[in-house]
Student: 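Okay, handing you the structure first.
One-based numbering, in listed order, for ligands and for the atoms of each. Values below: every heavy atom of this structure, side chains too, minus hydrogens, waters and symmetry copies.
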Amino acid sequence: MAQPPIVMYLSQWCPYCVRARALFAAKGATVTEVDVDVVPGARAEMMARSQRRTVPQIFIGDRHIGGCDDLHDLDRSGGLDPLLKPPA
Ligand SMILES: N[C@@H](CCC(=O)N[C@@H](CS)C(=O)NCC(=O)O)C(=O)O
């Protein structure tokens, strides 16, 4: 089975978004990117789902990971790789 869906709300100009994208790329993970500057309603959707206003906001499945720093913290603590595996 495939990895859980990963959704990242982002802006193309945002360096934190670039860093988060690079970490997922290094892990070979497929990410659906939602550009909040381009997709109508995406910023409001991101804020409603995350209760945050900064980009990026990252979801793996239904789980809200947070932003770029949260993603890297999760990776450093060993919590990210298990989330990228297909459900058992
Ligand atoms: N600590 C956050 C920082 C994110 C951040 O500051 N993003 C900027 C864009 S690079 C932002 O959304 N600024 C808009 C705002 O602060 O309202 C993370 O790691 O994701």
Side-chain angles (χ1 to χ4, degrees):
M1 198 187 284
Q3 62 162 63
I6 302 172
V7 174
M8 177 158 61
Y9 297 89
L10 52 66
S11 293
Q12 297 299 332
W13 52 267
C14 161
Y16 291 96
C17 304
V18 172
R19 284 190 62 220
R21 180 194 281 146
L23 180 57
F24 281 127
K27 293 184 177 294
T30 301
V31 178
T32 299
E33 297 186 354
V34 181
D35 189 327
V36 301
D37 295 326
V38 172
V39 179
R43 186 178 296 274
E45 179 183 287
M46 178 192 84
M47 290 171 65
R49 288 186 75 187
S50 67
Q51 305 298 307
R52 297 196 197 173
R53 54 176 292 122
T54 57
V55 284
Q57 292 301 323
I58 298 157
F59 290 82
I60 301 178
D62 289 334
R63 177 168 166 171
H64 178 221
I65 303 301
C68 176
D69 294 340
D70 301 309
L71 181 69
H72 282 81
D73 287 349
L74 184 64
D75 187 39
R76 272 191 294 272
S77 69
L80 179 57
D81 288 344
L83 295 182
L84 301 179
K85 292 185 181 153

Student: Using 0.5 Å steps for rounding, measure from the CG atom of Asp70 to the CG atom of Leu80.
Tutor: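 The distance works out to 12.0 Å.
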
Student: Considering only the protein, which heavy-atom contact is closest to atom 17 (O) of ligand 1, and what is its distance?
Tutor: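 The closest one turns out to be Arg53 NE, 3.2 Å.
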
Student: Give me the residue, atom name and distance of the protein heavy atom closest to atom 6 (O) of ligand 1.
Tutor: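 Nearest neighbour among protein heavy atoms for atom 6 (O) of ligand 1, to 0.1 Å: Tyr16 CE1, 3.7 Å.
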
Student: Indicate whether the side chain of Arg43 and that of Tyr9 have a donor and an acceptor atom separated by less than 3.5 Å.
Tutor: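 Looking only at side-chain atoms, Tyr9 and Arg43 do not form any donor-acceptor pair under 3.5 Å.
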
Student: Report the residues that fulfil side chain to side chain contact (heavy atoms under 4.5 Å, CB included) with Gln12, sequence neighbours left out, ordered by chain and then residue number.
Tutor: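 Leu10, Arg21, Glu33, Asp35.
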
Student: Distance to 0.1 Å, residue and atom name: give those for the protein heavy atom nearest to atom 20 (O) of ligand 1.
Tutor: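 Scanning the protein heavy atoms, the shortest distance from atom 20 (O) of ligand 1 goes to Cys68 N, 2.9 Å.
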
Student: Which ligand 1 atoms, with their elements, are less than 4.0 angstrom from a heavy-atom of Trp13?
Tutor: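 In order of number, 9 (C), 10 (S).
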
Student: Going by the order shown, which atoms of ligand 1 are within less than 4.0 Å of some heavy atom of Pro15?
Tutor: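 Numbered from 1, ligand 1 contributes 10 (S).
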
Student: Which heavy atom of the protein is the closest neighbour of atom 2 (C) of ligand 1, given with residue, atom name and distance?
Tutor: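 Closest protein heavy atom to atom 2 (C) of ligand 1: Asp69 OD2, 4.1 Å.
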
Student: Identify whether Ile65 and Val31 are in the same connected component of the hydrophobic contact network (ILVMFWY, side-chain heavy atoms under 4.5 Å).
Tutor: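 Ile65 and Val31: one cluster.
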
Student: Should you measure from each heavy atom of Pro56, which atoms of ligand 1 turn up under 4.0 Å away?
Tutor: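 Those of ligand 1 that fall under 4.0 Å from Pro56 are 20 (O).
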
Student: Dump the intermediate steps for side chain to side chain contact (heavy atoms under 4.5 Å, CB included) on Leu23 and Asp75, then the final yes or no.
Tutor: CA-CA 9 Å; Leu23 180 57; Asp75 187 39; 3.6 Å; yes

Student: In the single-linkage hydrophobic clustering (I, L, V, M, F, W, Y; side-chain heavy atoms under 4.5 Å), do Val55 and Ile6 co-cluster?
Tutor: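 In one cluster with Val55: Ile6, no.
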
Student: Are Asp62 and Arg49 close enough for a salt bridge, meaning some N to O gap below 4.0 Å?
Tutor: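 Arg49 and Asp62: not salt-bridged.
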
Student: Which of the listed options, Val55, Val18, Val36, holds the heavy atom that is closest to atom 4 (C) of ligand 1?
Tutor: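 Of the listed residues, Val55 has the closest heavy atom.
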
Student: Counting non-hydrogen protein atoms only, what is the nearest one to atom 10 (S) of ligand 1? Give residue, atom name and distance.
Tutor: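 Looking only at protein heavy atoms, the one closest to atom 10 (S) of ligand 1 is Cys14 SG, 3.0 Å.
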
Student: Short list, please: which atoms of ligand 1 are under 4.0 Å from a heavy atom of Gly67?
Tutor: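 Answer, ordered by atom number: 20 (O).
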
Student: Give the residue, atom name and distance (to 0.1 Å) of the protein heavy atom nearest atom 15 (C) of ligand 1.
Tutor: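 Minimum-distance protein heavy atom for atom 15 (C) of ligand 1 reads Thr54 CG2, 3.9 Å.
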
Student: Following the transitive rule for hydrophobic clusters with a side-chain heavy-atom cut-off under 4.5 Å over Ile, Leu, Val, Met, Phe, Trp and Tyr, establish whether Val39 and Val36 coincide in one cluster.
Tutor: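 Both belong to a single hydrophobic cluster.
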
